[in-house]
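Worksheet: one structure, shown below.
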Number of protein chains: 2
Amino acid sequence: MSDLLERLRGRGWRMTAQRRVVAEVLDGEHVHLTADEVHARAVVKLPEISRATVYNTLGELVSLGEVIEVATDRRAKRYDPNAHRPHQHLVCARCGAIRDVHPTGNPLAALPDSERFGFTISDVEVTYRGVCPNCA
Amino acid sequence: MSDLLERLRGRGWRMTAQRRVVAEVLDGEHVHLTADEVHARAVVKLPEISRATVYNTLGELVSLGEVIEVATDRRAKRYDPNAHRPHQHLVCARCGAIRDVHPTGNPLAALPDSERFGFTISDVEVTYRGVCPNCA
DNA sequence: TCCTACAATAGACAATGTCTAAGTCAAGCA
DNA sequence: TGCTTGACTTAGACATTGTCTATTGTAGGA
C-alpha cells in the first residue's frame, strides 16, 4: 500500500491531505472497513476531514481499481485494499470477522453454459460463512 | 408456492390477510423483490397494508426458512421464495436482472483446510456478475 | 358470541449513503 | 516565489432502507 500513493500520483490524482489519510487507513492485510470506520480512523489523523470526502475518496479508489467493495455485511459496504490479488471472503456469522481466502480452481468453471442464460459473465463473488475459532 | 400457506398454517402461523398477500406476492420463478417492491405489490391487493408489516412478515418467512435473503444488490435486500432448492445467483451489471442458477459441484470443496483459518463453514454464497442478452 | 394473545398500523427514529453550494487549496506556470 | 484555476473539501440537507414503539385491530379458540 505504501506505493499506492505513488501509483495514484502517477495517474494524475491530485494529492491532498484527506486522500492521503484515507489511503493510509486502508493499509494492511485482511482490512475490511466500512465507510464509517474509515472516517472514524481518518478523523484521528485529520480531524477536519468530512464524511462526504471519505465517501468520495473511497468511490474514487474503487473506480481506479485500487480498492474493492465487499458486500459481506448486509448493512454497510466494506472496502478491501487487497485489490491486486484475486480472492474471496470468509465471514464469521457471530462476530463478523472477515478473512481473505484463496479457493482452488476457477469458480466460473462451475457454471455450465446451459445455466448462463446468454449472459456474458465477467466476475464471481464468493462468500463463505461460518463460525470462527474465537466464537466457536 | 400455493402450498406455502398450508405449510405455514400447519406450523401454527396465524393467518391474516396481510400475511397471505405478502406470501402471494412472493410467488414464481426467478422472483427477487426488495421489501419495498413487495410492499408496492401488496398494496395493490390490500391497500391498508403497512410497510412495517411487510418487513415483519418477510423477516418471519426468512426465519421459517421459506424465503431466502439475497444481497446481490448493494442497496436493498432482496427476497427469494425459491428456498427449497439450493442455488446461486447470476446478476446483470447493467439492468440488475437476476436469475437463479445451479452450478456443478460443491463450492465448499474449493476451499482447502489451510484456507479455513479454523472456521466451521456452514454456507457459501456465490454471485456471478455479467451482462444479460438484452443489455449486451 | 366473547376473549385474549398475537398481529397490524402510523409514524418516529436510526443507519447508511448522496447531493449541493460555497469555500479552499494543490500544482502548474510566469 | 507568488498567481491562477479547476479540482477538492466541507457542512449539512436530503434520500433510501430498515427498525422500533405505542396503539388499535383481529384470528381463532372457549
Side-chain angles (χ1 to χ4, degrees), chain A residues 5-25 32-64 66-80 96, chain B residues 5-6 8-26 32-64 66-80 96:
Chain A
L5 296 178
E6 293 314 311
R7 278 206 301 281
L8 294 173
R9 207 188 295 267
R11 294 211 218 172
W13 215 47
R14 185 164 137 187
M15 191 47 57
T16 67
Q18 291 83 352
R19 287 173 167 189
R20 186 178 42 73
V21 165
V22 169
E24 283 172 4
V25 166
H32 307 88
L33 300 170
T34 64
D36 231 43
E37 287 164 354
V38 172
H39 181 238
R41 298 189 187 197
V43 160
V44 173
K45 299 180 177 220
L46 188 70
E48 305 75 25
I49 195 169
S50 78
R51 246 162 38 92
T53 296
V54 170
Y55 276 99
N56 288 341
T57 306
L58 289 172
E60 284 157 16
L61 288 170
V62 170
S63 302
L64 291 169
E66 295 290 348
V67 165
I68 290 173
E69 250 180 40
V70 183
T72 56
D73 189 313
R74 289 261 157 35
R75 289 180 27 237
K77 293 177 201 168
R78 292 183 174 275
Y79 295 89
D80 181 345
Chain B
L5 295 177
E6 294 312 312
L8 294 173
R9 207 188 293 268
R11 293 211 219 172
W13 215 47
R14 187 163 136 186
M15 191 50 56
T16 67
Q18 291 83 353
R19 287 173 168 190
R20 186 179 41 74
V21 165
V22 169
E24 283 171 4
V25 166
L26 286 173
H32 306 89
L33 299 170
T34 65
D36 231 43
E37 287 164 354
V38 171
H39 180 239
R41 298 188 186 196
V43 160
V44 172
K45 300 179 177 218
L46 188 70
E48 305 76 23
I49 195 170
S50 77
R51 245 164 38 92
T53 297
V54 170
Y55 276 100
N56 289 340
T57 306
L58 289 172
E60 285 157 17
L61 288 169
V62 170
S63 302
L64 292 169
E66 295 291 347
V67 165
I68 290 173
E69 251 180 39
V70 183
T72 55
D73 189 312
R74 289 263 157 33
R75 287 177 34 237
K77 293 177 200 169
R78 293 182 173 276
Y79 294 88
D80 182 345

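Residue numbering restarts at 1 for every chain, and letters A, B, ... go by the order of the sequence lines.
Annotation: side-chain contact (heavy atoms from CB on, under 4.5 Å) contacts of Leu33(A) (sequence neighbours excluded): Val25(A), Val31(A), Glu37(A), Val38(A), Arg41(A). For Arg20(A), the salt bridge (charged side-chain N to carboxylate O under 4.0 Å, His left out) partners at least two apart in sequence or on another chain are Glu24(A). Residues that satisfy the ring pair (Phe, Tyr, Trp, His ring centres under 6.0 Å) test with His32(B), not counting sequence neighbours, are His89(B). Applying the side-chain hydrogen bond (donor to acceptor under 3.5 Å, both in side chains) rule to Thr72(B) yields no partners; only residues at least two apart in sequence or on another chain are considered. Remark: Arg51(A) engages His39(A), Tyr55(A) in a side-chain contact (heavy atoms from CB on, under 4.5 Å) (not counting sequence neighbours).
Remark: Glu66(A) engages Arg11(A) in a salt bridge, criterion side-chain N to carboxylate O under 4.0 Å.
Put simply, CD on Glu69(A) is 15 Å from P on dT16(C), counting in whole angstrom units.
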Walk me through it: do Val54(B) and Tyr79(B) pass the test side chain to side chain contact (heavy atoms under 4.5 Å, CB included)? CA-CA 12 Å; Val54(B) 170; Tyr79(B) 294 88; over 6 Å; no

Using a cut-off of 4.0 Å between protein heavy atoms and nucleotide atoms, how would you tag nucleotides 17-30 of chain C 5' to 3' with B, S and -? BBB-----BBS---

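Pairs engaging residues 53-62 of chain A under the salt bridge (charged side-chain N to carboxylate O under 4.0 Å, His left out) rule: Arg19(A)-Glu60(A) [sequence neighbours left out].
Bracketed by its first and final contacts, the part of DNA chain D lying under 4.0 Å from non-hydrogen atoms of chain B reaches from dT16(D) to dG28(D) in 5' to 3' order.
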